[in-house]
Amino acid sequence: MSPEKMVYMANQIATFFKSQRGSDQAERIAAHLKDFWEPRMREQLIAHVETGGAGLDATVIEAARRL
Amino acid sequence: MNVHAGTPHADLIDGRKVADARHDDRDMGTPPKTGKPVTLTIDGFEVTVPEGTSVMRASMEAGIQIPRLCATDMVDAFGSCRLCMVEIEGRRGTPASCTTPVAPGMVVHTQTGKVQKLRKGVMELYISDHPLDCLTCSANGDCELQTQAGAVGLRDVRYTAPQAPVLANHFSARDTSGEANPLYKAKDSSNPYFTYDPAKCIVCSRCVRACEEVQGTFALTIEGRGFDSRVSPGAAFDDFLSSDCVSCGACVQACPTATLQEKSVIEKGTPTRSVVTTCAYCGVGCSFKAELNGDELVRMVPYKDGKANRGHSCVKGRFAYGYASHKDRILSPMIRDRIDEPWREVSWKEALTFAANRMRGIQEAYGPKSIGVITSSRCTNEETFLVQKLARAVFGNNNTDTCARVCHSPTGYGLGQTFGTSAGTQDFDSVEKTDVVIVIGANPTDGHPVFGSRLKKRLRQGAKLIVIDPRRIDLVRSAHVEASHHLALRPGTNVAVVTALAHVIVTERLYDEAFIRDRCNWDEFQDYAEFVAEERHSPETTQFLTGVPAEELRAAARLFATGGNGAIYYGLGVTEHSQGSTTVMAIANLAMLTGNIGREGVGVNPLRGQNNVQGSCDMGSFPHELPGYRHVKLPEVRAIFEKAWGVTIDPEPGLRIPNMLDAAVDGTFRGLYCQGEDILQSDPDTKHVAAGLAAMDCVIVHDLFLNETANYAHVFLPGSSFLEKDGTFTNAERRINRVRKVMAPKNGYADWEITQMLANAMGAEWSYEHPSEIMAEIAATTPSFANVTYELLEQKGSVQWPCNDANPDGTPLMHVEGFVRGKGRFILTEYVATDEKTGPRFPLLLTTGRILSQYNVGAQTRRTDNVIWHDADRLEVHPHDAEQRGIKEGDWVKLASRSGETTLKAKITDRVSPGVVYTTFHHPDTQANVITTDYSDWATNCPEYKVTAVQVSPSNGPTDWQEDYAAQATRSRRILPAAE
Ligand code: SF4
Ligand code: SF4
Ligand code: SF4
Ligand code: FES
């Protein structure tokens with residue numbers, strides 16, 4: 001998948017969970033990614049975070065570290 | 001004898017086998033009632049029926065048939081023909097039994113000398129104005145006039161219609177001197193499926209009442225008075241085709257004579273046998289009797305005992321089955337090495353070996369996760385179950401997805417999160433108890449017509465309607481139906497509108513506190529209430545982005561919260577957005593907030609697009625879920641299937657359709673088995689889909705036709721139609737209906753057999769001999785199906801899941817005692833504007849939908865006479881936008897978005913608001929999905945079909961892309977003659 005599309009999709013998920021109450025947003029994003037993203041997609045996300053995570057919401061970066 | 005009568009009819013006849021009762025679809029004369037029991041005596045027999053039942057129906061229950069012409073149990077009695085008169089002790093005269101309700105202790109005589117004589121007289125009058133061509137009439141043997149003439153013992157007709165000086169009959173075109181008969185009207189054959197022959201009409205008005213009461217279209221009237229009166233479609237100059245008639249067939253069904261008659265019966269003769277089965281078009285899941293002569297299908301007649309349709313149908317299920325024998329249907333397997341080669345017809349063995357070798361070869365080279373499947377929402381539960389099993393047990397991965405990805409995947413996520421299960425909460429009967437209905441992002445009269453008719457009936461009885469839709473759908477205003485509020489929102493602002501409704505209900509304290517305290521988590525509710533109460537969610541604030549006037553929205557919210565039983569019905573206008581899942585949650589919140597869950601007349605009801613969307617989701621088609629919506633990560637769930645299948649199941653979710661295509665472009669996903677779907681036409685951003693498919697090494701298309709996806713396929717496995725196999729479909733009410741084999745598969749095998757052969761060619765050792773064995777496996781592994789068997793379905797006709805020890809008869813209403821997940825969960829629904837925004841280059845918003853006569857990508861309906869109503873997709877443009885662009889009705893226009901462009905013809909209409917354009921996607925040459933973008937729902941990747949920023953401009957004809965595509969499609973469909 002193109003990096004732009006992946007970043008976009010991950011940020012969309014973050015936007016939802018950030019709108020919810022509580023302080024465990026990164027945890028919930030990570031859980032959503034584990035539940036719905038195939039390992040290849042998660043690996044791509046992790047690799048992107050490792051190379052700086054350009055464009056990613058800070059909470060996604062935090063979530064990716066929990067994957 | 002004492003017969004205890006009530007509903008359902010199947011239960012009421014002592015000692016009779018239930019299976020027989022299932023096929024008992026006698027016309028009982030008048031509709032059933034549900035009052036207190038009343039006992040009366042008819043011809044010496046005591047009979048007990050519900051209060052309100054007519055004497056005619058009570059008599060039928062007792063096995064005594066009273067002659068009748070104008071009464072039929074489809075519609076309320078009218079009392080015009082007087083053939084059904086009886087004598088009642090203690091009452092004067094000879095009352096009509098169809099309009100006389102029963103009373104306790106009533107003593108009725110149906111066959112006295114007096115009534116017999118009167119009936120003969122009535123019959124004589126009818127017959128004197130009827131062409132007595134019975135032997136050559138298409139209804140010979142199936143005509144109630146004929147039957148009743150026999151029943152009253154008519155032996156001669158004393159009246160003859162005058163021939164001169166004034167001819168006074170309706171059936172002679174000319175009198176004896178050759179003068180034209182002014183009373184005669186020629187046969188109207190304008191409708192492609194039935195004819196209207198006024199010469200045979202007895203003016204019983206059954207058709208008119210069926211059109212009004214059952215269908216709710218009000219297309220027919222009785223024109224003229226007394227002897228001059230005739231049935232007329234629309235205005236004087238109209239024929240059936242030009243009238244408002246939507247060709248549902250209810251009038252044809254109601255007509256006692258050959259006046260309204262199916263053309264197929266005229267052509268093929270009256271059918272001699274019938275099989276009860278289920279429509280394969282939309283998610284209403286209507287039951288039909290397929291009526292045949294030998295193995296030739298003569299007609300499809302809606303089945304009265306069908307619990308979803310209660311004897312009604314729409315034009316698709318009733319008439320549009322011709323695709324199953326269309327010349328385009330492919331009946332032999334075909335293969336090719338490369339997609340630029342022509343197809344080669346081969347044996348099943350060669351095709352399956354070729355496919356199996358390629359798929360295994362890909363896995364050897366690129367790993368077990370490099371191939372996958374797409375299951376079909378048009379195929380049966382059993383077939384879908386096998387296709388996902390193929391991925392999980394034979395491919396060894398979870399790469400299975402289904403076309404529900406592009407329609408109702410957000411329903412699964414949203415209702416799962418809030419209520420704990422992914423399904424509509426009600427049965428369709430529930431609408432009869434509804435007081436206020438919200439229809440949001442759905443167009444039931446076109447998309448789910450039989451439900452649409454049932455809804456309209458309830459609205460005519462006084463229920464109120466709120467429509468939330470950018471377009472003025474028919475329900476907003478049509479014959480005898482008018483919405484109280486139409487919130488014509490800007491596409492993409494559903495979450496803002498539904499949250500604003502909640503704002504009004506919370507801030508005006510109209511919510512159902514007792515329900516919330518009892519059934520939901522109170523702390524979560526308080527968070528939610530605080531959130532929606534914020535001023536930024538008020539209608540006064542949101543109106544600037546939604547376009548919905550604040551006062552209108554407030555009034556709608558008050559009506560829904562205070563108007564009695566409130567039900568919400570929604571469709572793809574909710575789900576196909578980047579906030580699709582959020583809107584589903586917002587809808588669920590609204591239902592909980594107002595206490596509208598867990599009883600009749602209320603609930604949250606997704607209207608499913610295709611016939612078996614519900615079933616395909618239930619059967620584990622999604623890449624993260626095993627059958628019964630259980631996540632693959634759960635070891636206890638995997639263990640059930642591992643034990644049953646003797647394999648290890650991958651605990652990681654697989655790829656969803658858009659992810660498969662992305663991975664294909666990346667080179668890590670290279671083989672696909674696609675059953676009964678046409679992703680090239682139905683999925684967004686056609687160019688991206690084409691690139692993904694073109695990058696694969698093995699695409700196996702299993703379908704009736706060489707569809708658009710097959711242009712990129714290496715293997716074509718011919719499929720069987722719904723008439724040619726056994727199985728089950730699950731409709732939008734979770735109702736599991738039987739699909740029965742009506743004829744042998746023209747392609748040689750039912751689809752479940754073909755999947756089994758492919759699995760076995762890849763080394764599996766499956767040995768199912770009948771779909772009932774697959775259902776047994778589903779029941780053994782899936783708790784919500786635990787008690788479902790084919791025997792049970794034979795017995796009950798259908799059941800709604802969950803059907804298990806806790807609910808042995810199935811579950812018409814969900815969440816009655818408590819939510820499936822325990823406490824209902826309120827979730828905050830923050831509106832997030834889509835990034836698909838209008839701007840100077842693309843100033844208009846395109847939204848898409850469907851129309852009544854066509855279905856999905858049109859592969860079936862385009863191959864029937866339904867094209868008479870819709871031969872091409874058209875772009876609806878508001879007059880203001882059209883004028884600005886110099887576009888006139890019928891002009892070719894170019895429709896361009898950031899993704900691509902296409903051309904189609906314009907239709908100027910104020911059904912759409914200024915700034916919004918609308919089209920359907922039924923025709924491949926339009927390629928509406930060249931335009932749609934790959935934005936998708938945040939949770940499920942369901943594509944954002946309902947919002948695309950576009951520009952519209954005049955054009956001369958098809959774009960280069962359309963022409964190239966058409967040429968490529970033609971090249972790709974070449975088939976070499978079979979080798980000797
Ligand atoms: S086919 Fe249906 S819509 Fe048309 S006239 Fe008959 S009942 Fe009315
Ligand atoms: S068309 Fe048929 S149903 Fe209608 S009034 Fe004539 S006979 Fe009766
Ligand atoms: S298409 Fe839908 S409404 Fe029409 S007959 Fe079939 S199931 Fe019923
Ligand atoms: S059937 Fe009762 S009046 Fe016609």
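Chain identifiers are assigned alphabetically (A, B, ...) following the order of the sequence lines, protein sequences preceding nucleic acid strands; residue numbering begins at 1 within each chain. These numbers were taken from a predicted model, which means no experiment stands behind them. Side-chain atoms are counted along with the backbone in the values below, which use heavy atoms only and exclude waters and symmetry mates.
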Does any backbone or side-chain atom of [X] lie under 4.5 Å from a heavy atom of chain B? Answer side chain, backbone, both or neither.
X	answer
A/K34	backbone
A/M1	both
A/R40	side chain

Need one label for [X]: side chain, backbone, both or neither, based on atoms under 4.5 Å from any heavy atom in chain A.
X	answer
B/D527	both
B/L661	neither
B/T668	both
B/V832	side chain
B/M660	neither
B/T940	neither
B/F669	both

Spatial distance of atom [atom1] ([X]) from atom [atom2] ([Y]) [nearest 0.5 Å]:
X	Y	atom1	atom2	answer
A/E38	B/N659	CD	CG	7.5 Å
A/Q12	B/D835	CD	CG	8.0 Å
A/D35	B/Y413	CG	OH	8.5 Å
B/N941	A/W37	CG	CH2	8.0 Å
B/D937	A/F16	CG	CZ	10.0 Å
B/F531	A/R21	CZ	CZ	7.5 Å

So do A/R42 and B/P653 actually touch side chain to side chain, heavy atoms under 4.5 Å?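 In short, these two side chains touch, coming nearer than 4.5 Å.
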
Within a strict 4.5 Å, meaning less than it, do heavy atoms of the B/W938 and A/F17 side chains meet?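 Contact flag for B/W938/A/F17 side chains = yes.
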
When heavy-atom pairs shorter than 4.5 Å are enumerated against chain A, which of B/E652, B/E830, B/E625, B/Q579 gives the highest number?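 Among B/E652, B/E830, B/E625, B/Q579, the one with the most close pairs to chain A is B/E652.
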
Does atom CZ (A/R65) have a neighbourhood of more than 12 heavy atoms from anything else shown, all under 6.0 Å?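 Atom CZ in A/R65 is not crowded, with 12 or fewer foreign heavy atoms closer than 6.0 Å.
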
Specify whether B/H631 and A/F36 have parallel, tilted or perpendicular ring planes, treating 30° as the upper limit for parallel and 60° as the lower limit for perpendicular.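 Rings of B/H631 and A/F36: perpendicular, as their planes differ by over 60°.
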
